[in-house]
Amino acid sequence: MTTGRTSAAPRPTAGALRLVEASTTRPTSVDISDYMRQMTARCPYLAPSLQRGLTTWTVYRADGDADAVQAELFHAGAQAAEWLRPLLNRPHGLLRCENIVLLGDVSGTRHRDLMAWPHWALKNLYGPVGVMLGKFYAGEEEVTAAGHRIPAAPASFLPVRAAVRRRDPRFLSATPDLAAVLAAADDDGRDVFEHIPTEWTEIRTWARHLLLPAKPSPSSPARPASPPPSKS
């Protein structure tokens, strides 16, 4: 049984994400129907998930500065992961997916940058207990490592779902340690926050320490470390 500590974590940035639609299989604030039809050809688990009403969408609109929105995206992702964990061992649990949609703009910051650190921190927190997180950006067409095109998403979102241990580690080739952890994942009911802080700025510092050392380039100035790119 999970502890629910994520619900008790300090949230000084509460309100930076405004809830537009609570978890629903048919959001009206963003049209995902055509996108979902196209994606069923890419994901063998999506069609049965949709048929059983196990793919849901919670829609938020940014209403704060970049740091506050990042903090709230992290919190929303942790809440989704904690909701999902006890369901994974129930019938059809592996087909469940909660998608956290981000609408709206934050001045001077792309959705890609808003989502990067929350996604990276959440993947490292929840990979060991068998929860996988992805990220997709509005209007950006992705290409898989095998060269297959993934349709452009109608909105930016973080999917939170059960890890498929036979398949998902191959999406993490840039982070082999995380891939190995995911392949061996087992949810023993642990509190994933037991040994890390709960304030977002400290969580981001913790997540930064998990990055591989960047290779210096003789022709480029040094830049702050950022999470590795991922299509999952």
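Count residues from 1 along the sequence. Just so it is clear, the model here is predicted, and its values are computed rather than measured.
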Side-chain donor-acceptor contacts of residues 59-69 below 3.5 Å, not counting sequence neighbours, with atom names and distances?
| residue | atom | partner | partner atom | Å |
| --- | --- | --- | --- | --- |
| D65 | OD1 | D67 | N | 3.4 |
| D65 | OD1 | A68 | N | 2.8 |
| D67 | OD1 | R204 | NH1 | 3.3 |

(request) Start with the C-alpha distance between R85 and R190, add both sets of side-chain angles, then the distance that settles side chain to side chain contact (heavy atoms under 4.5 Å, CB included), and finish with yes or no. (result) CA-CA 11 Å; R85 288 175 67 182; R190 76 191 70 173; 4.2 Å; yes

(message) Working to the nearest 0.5 angstrom, can you tell me the gap between M115 CE and I100 CD1?
(response)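 It comes to 9.0 Å.
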
(message) Measuring from atom CG of D105 to atom CZ of R110, what distance do you get when rounded to the nearest 0.5 angstrom?
(response)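 One gets 13.0 Å once the value is rounded to the nearest 0.5 Å.
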
(request) Take L46 and L50 through the test side chain to side chain contact (heavy atoms under 4.5 Å, CB included) and record every step on the way to the result. (result) CA-CA 6 Å; L46 183 56; L50 293 172; 3.8 Å; yes

Has [X] got a side-chain atom pairing as donor or acceptor with [Y]'s backbone, closer than 3.5 angstrom?
{"X": "W200", "Y": "Q70", "value": "no"}
{"X": "D187", "Y": "G189", "value": "yes"}
{"X": "N99", "Y": "T56", "value": "yes"}
{"X": "S156", "Y": "A138", "value": "yes"}
{"X": "H111", "Y": "G104", "value": "yes"}

Check: [Y] and [X] side chains under 4.5 Å, non-hydrogen atoms:
{"X": "L133", "Y": "P159", "answer": "no"}
{"X": "L125", "Y": "W206", "answer": "yes"}
{"X": "F136", "Y": "Y35", "answer": "yes"}
{"X": "R90", "Y": "R96", "answer": "no"}

(request) Would you mind listing every ring-ring contact (aromatic ring centres under 6.0 Å, His included) that reaches into residues 76-95, with sequence neighbours excluded? (result)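 Passing the test, one end in residues 76-95: no pairs.
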
(request) Start with the C-alpha distance between W57 and F157, add both sets of side-chain angles, then the distance that settles ring pair (Phe, Tyr, Trp, His ring centres under 6.0 Å), and finish with yes or no. (result) CA-CA 9 Å; W57 305 78; F157 67 99; 5.2 Å; yes

(message) As a quick check of understanding, evaluate side chain to side chain contact (heavy atoms under 4.5 Å, CB included) for R161 and L95, giving each step before the final call.
(response) CA-CA 8 Å; R161 60 172 176 80; L95 297 179; over 6 Å; no

(message) Please evaluate residues L94 and Y45 with respect to the criterion side chain to side chain contact (heavy atoms under 4.5 Å, CB included), reporting the C-alpha separation (whole Å), side-chain torsions for both, the decisive distance (0.1 Å), and the verdict.
(response) CA-CA 9 Å; L94 294 180; Y45 302 95; 5.9 Å; no

(request) Considering non-hydrogen atoms only, spot the tightest contact between L84 and A162 and give its length. (result)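 Closest heavy-atom pair between L84 and A162: CD2-N, 3.8 Å.
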
(request) Output every pair passing salt bridge (charged side-chain N to carboxylate O under 4.0 Å, His left out) with a member in residues 20-45, not counting sequence neighbours, ordered by first then second residue. (result)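 Output for this query lists D34-R37.
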
(request) Count the heavy atoms belonging to other residues, nucleotides or ligands that lie under 6.0 Å from CG of D113, then report whether that count exceeds 12. (result)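 Yes.
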
